[in-house]
Amino acid sequence: MSAITKKRDWPTVLAAAWLIGLTILAFTADYLPFIRGYAESSPEGIGFSKGPFTSFLLGSDQLGRDVFARCIYGAQISLRIALFSIIIGTVVGGTLGMVAGFFGKASDRAISAFTDVMLAFPPIVIAILVTGRFDALRKNSEAFSWLSRTWSITFVLSILAIAPLARIVRAQTLSISQREFVLAARSLGARNGRVLVREILPNLVPAMVSVIFTGVAVLLIAEGGLAFLGYSIELPTPTWGRLIAENRNFIREAWWGTIMPCVMLFATVLSFNVLGDRIARRFDIREAAL
Amino acid sequence: MSDFLEVTDVFTHFETPRGQVRAVDGVTFTLERGKTLGIVGESGSGKTILSRTIMGLLPTRGTVRGGTIRYKGEEIQGRAPSEMRDIWGKQMAMIFQDPMSSLNPLMKIGMQIAEPLIHNLDMPKDQALATAKRLLDDVRIPESVKRLNQYPHELSGGMRQRVMIAIALACGPNLLLADEPTTALDVTVQAQILDLLREQRQDRNMSMILVTHDLGVVAGHTDEIAVMYGGKIVEKAPTDGLFKNMLMPYTAALLESIPKMNRPSHTRLTTIPGRPPDLVSPPAGCRFAPRCPAAQERCHSEEPPLSSAGSPGHVYACWYPVGSPVYREAIERRAKETV
Amino acid sequence: MRYALQRLGQFILVFLVVTFLVMVITRIGSKDPARDLAGGLVAQEQVDEVRELYRLDEPFVVQYGNWIKNLVTLDFGYSYAQNQSVNDMMKQRLLPSFFIGIWAIFIGLLLAVPTAIYSAYRRDGAFDKTMSTTSFAFLSMPPIVIAVLLSFFIGVKLRWFPVDSNYVALWDNPWQHFRNFILPSFTLGLGLSAVWTRLLRADLINTLQSDFIMLARAKGMSPRRILWVHALRASALSLITSIAIQMGGLIGGAVVAEQFFAMPGIGDRLVFAIQQNDLLVVQAITALLAIVVVAVNLLVDLFYAVIDPRIRHARAIK
């Protein structure tokens, strides 16, 4: 707060640097000569696995593919799915939470009942179930042939994000609506819509940003788990969870094939958590369980 | 000469980002066995910190303590909490201000009283609970057997304060420190609690330090009164002597600020203007000078020492005490100005 | 008592909605529910038999009522795909999952409670700071990552415990039981302990500043008794609530851990059943797991009311 405490916050700097670097690599992967193509085939042919820091930065897997390149492609998919899901989850969950917290009464009871029910389902269980059923739907029905794994996983993760987000936003909205400036605006005759958009929404933003960061971390973990259980996007595209699952059978011979994507996943989740935590502390938001 | 409790030049400073807060700044007094000392002052005068310093209950981190506290001839100032534990409960006990929050909400009354008996005196549990019942009788709690199995929230505020007194009395301490024991209670209950404290003190031949902001509370219940301001004792006298002859303008101001029965109703209460001094950088001279109605130039530059008032045991720290010509003149001038 | 009934009523309502949703979701994309419920590749007579049995020609609500009736009487049906009654399957598969969960909670508490207590006691000390960083790191570690690391270092490198677990009942051979369960349970327990360490530490620090702790000190109670009896009892409530909140995540984690360590539990079977399109089993297991979550929350609520006299009292007044 004061000049004394103006020390560089290294965890935050590192977390931000990691995420920015990873995002740039992931979304320019197709144009980078040292990544493009290496994910599928290797210049050194099929054969067992070179260790890290040889001709491959993070080693190669049992098919001779570059682990680093596959990790970066994995990042692309994992990040895209997590970001899309959190956006959908935030919009839907946030709206529900604001309505419940602001209007109360019947809307609150209905929305709270909805979140209660949603939270009764163990997230991973419902995720594999729904993804599995969407597979059947796509297979059995022409109308749903567009419903690729990418879509169904994004959809499922969004659904999982809705209930916790709605809960947090509801609680925040409730506490903000009791504050002086909202009461003041109301006493001046502002209408509901105006109060909601002009007074409450801006004050929700810091909490929301923090929750979005933590939420992305949680969704990355869920996506990893889902991929590990066999519910990742279509082959052969790599995701972190799939890399971990595929390569772990060769962990004795080539540990880097599994450990490296684990490290990537961990570092990314950690970075999102660090940023979410810092924002929450900055704006003094109590730790919310997502 | 007393060797029960001797407090000499005690100070307690807290490290804060703003600098050292000199909460207690050189306090000296003695207390004899069986006597009661009242410590009076506004909030922020250091009286609560003083009582916790004597008890040794302050956090160790960021606290600078000094001076000597001799209890029964033994030095206890600066002892670690682990060494103080032999004294807590058995020798000294404390009663806190808020009976609502000071009892453990999740523990039955009986156990809260029996606990120190079991752990400090190695009493078997059933015997300790029997003693707890007797203690509840002593502090006049009806249906004591039933109360043993009740939780604090099932009792009224006054009852809870009685329970707290029972807890304090449990291990037979010789010194009782009561920190604003009646502040959180209804006026009707306050007198009962004070009478109970006096009676128990007499029965058990305890000494007591009664900390309060209310001169009315100490009036009938203490042998001696020490008035604190800005971390220092500014006047100390036997209770009768003090009320007969107040010398420190601050003491007089404190007395003016409590309602009195013999005044006509709707008399305006006199308040003390200004705020207690900032204890990070206290005023150079007398700490009360900025708020004193009779402050002179000397008061702002030179700190008055504690000097004897003539009558035995009466000391005060003021250059121009109440009744002195300078004081009277200043007050008269001020009265004219306001008219 | 009235509170208990009220909560029970809520429980039944949530139970009905949850099971209904399970049935709706399970039917998504099913062209011929009778065939899928019969387990796919079976003879037409069996499909017709199943259609008859589960009243699949009647409206959805009737089918649902029929299923619920069976659920409540603990009759989960017969899986033609597995050629086994689902009840028998549950019996076999529930215990491994139960033990993974129980040991994970046990490990979580065993690590978290002393750590949190010491961290709160010596707040901002070296231990507190180290543990706060460590727990933050573990909080960010997905179960699969923990599983990989544990299996690699402890299972593959050190060879202390088997990477492929078998189910051994506790009462048959405690040592083998312990050997087989330690890796999957630690996988989940480490994550839980991180959550609980942070939660309990924050709560304890709050509690330790209360007046009643000051009084306990003034009574001459030892730091140990103040921490473990006075402070922990007050802070334990938020810990218990958290166990309920973590239940859903724990079950999800258990599915991953079972799959990873090849533990033949209920989650492992669920994953298989979804792949096999064995709807009857899918429906039964999903409903069961959701009910466990709701039931644990109900139990914690009731327990809370029993353990905290203030709540008990407040309810009595209402």
Residues of residues 120-127 of chain C near chain B, each having a heavy atom less than 4.5 Å away: C/R123, C/D124

Is B/M100 close to chain C through its backbone or its side chain, or both, or neither, when contacts mean heavy atoms under 4.5 Å? neither

Side chain, backbone, both or neither: which part of B/M94 has an atom under 4.5 Å from a heavy atom of chain C? both

Just checking C/F138: does its CZ atom have more than 12 heavy atoms from other residues, nucleotides or ligands closer to it than 6.0 angstrom? no

Using distance alone, with no hydrogens and no angle criterion, decide if C/H230 and B/Q112 have a side-chain donor and acceptor under 3.5 Å apart. no

At a heavy-atom distance under 4.5 Å, which candidate from B/Q97, B/E115, B/H119 has the highest pair count against chain C? B/E115

Which members of residues 204-226 of chain C, sorted by number, sit under 4.5 angstrom from chain B on a heavy-atom basis? C/D211, C/F212, C/M214, C/L215, C/R217, C/A218, C/K219, C/G220, C/M221, C/S222, C/P223, C/R225

Top of B/A93, B/P116, B/S102, B/G89 for chain C proximity - count of heavy-atom pairs under 4.5 angstrom: B/S102

In terms of heavy-atom pairs under 4.5 Å with chain C, which of B/M92, B/R61, B/K108 leads? B/R61

For B/D138, enumerate each residue passing the salt bridge (Lys or Arg N to Asp or Glu O under 4.0 Å) test, keeping only those at least two apart in sequence or located in another chain. B/R204

Does B/K35, at its NZ atom, have more than 12 non-hydrogen atoms belonging to other residues, nucleotides or ligands within less than 6.0 Å? no

Of all the residues in residues 72-87 of chain B, which have a heavy atom that comes within less than 4.5 Å of a heavy atom in chain C? B/P81, B/R85

What part of B/L103 gets within 4.5 angstrom of chain C, counting heavy atoms only: side chain, backbone, both, or neither? both

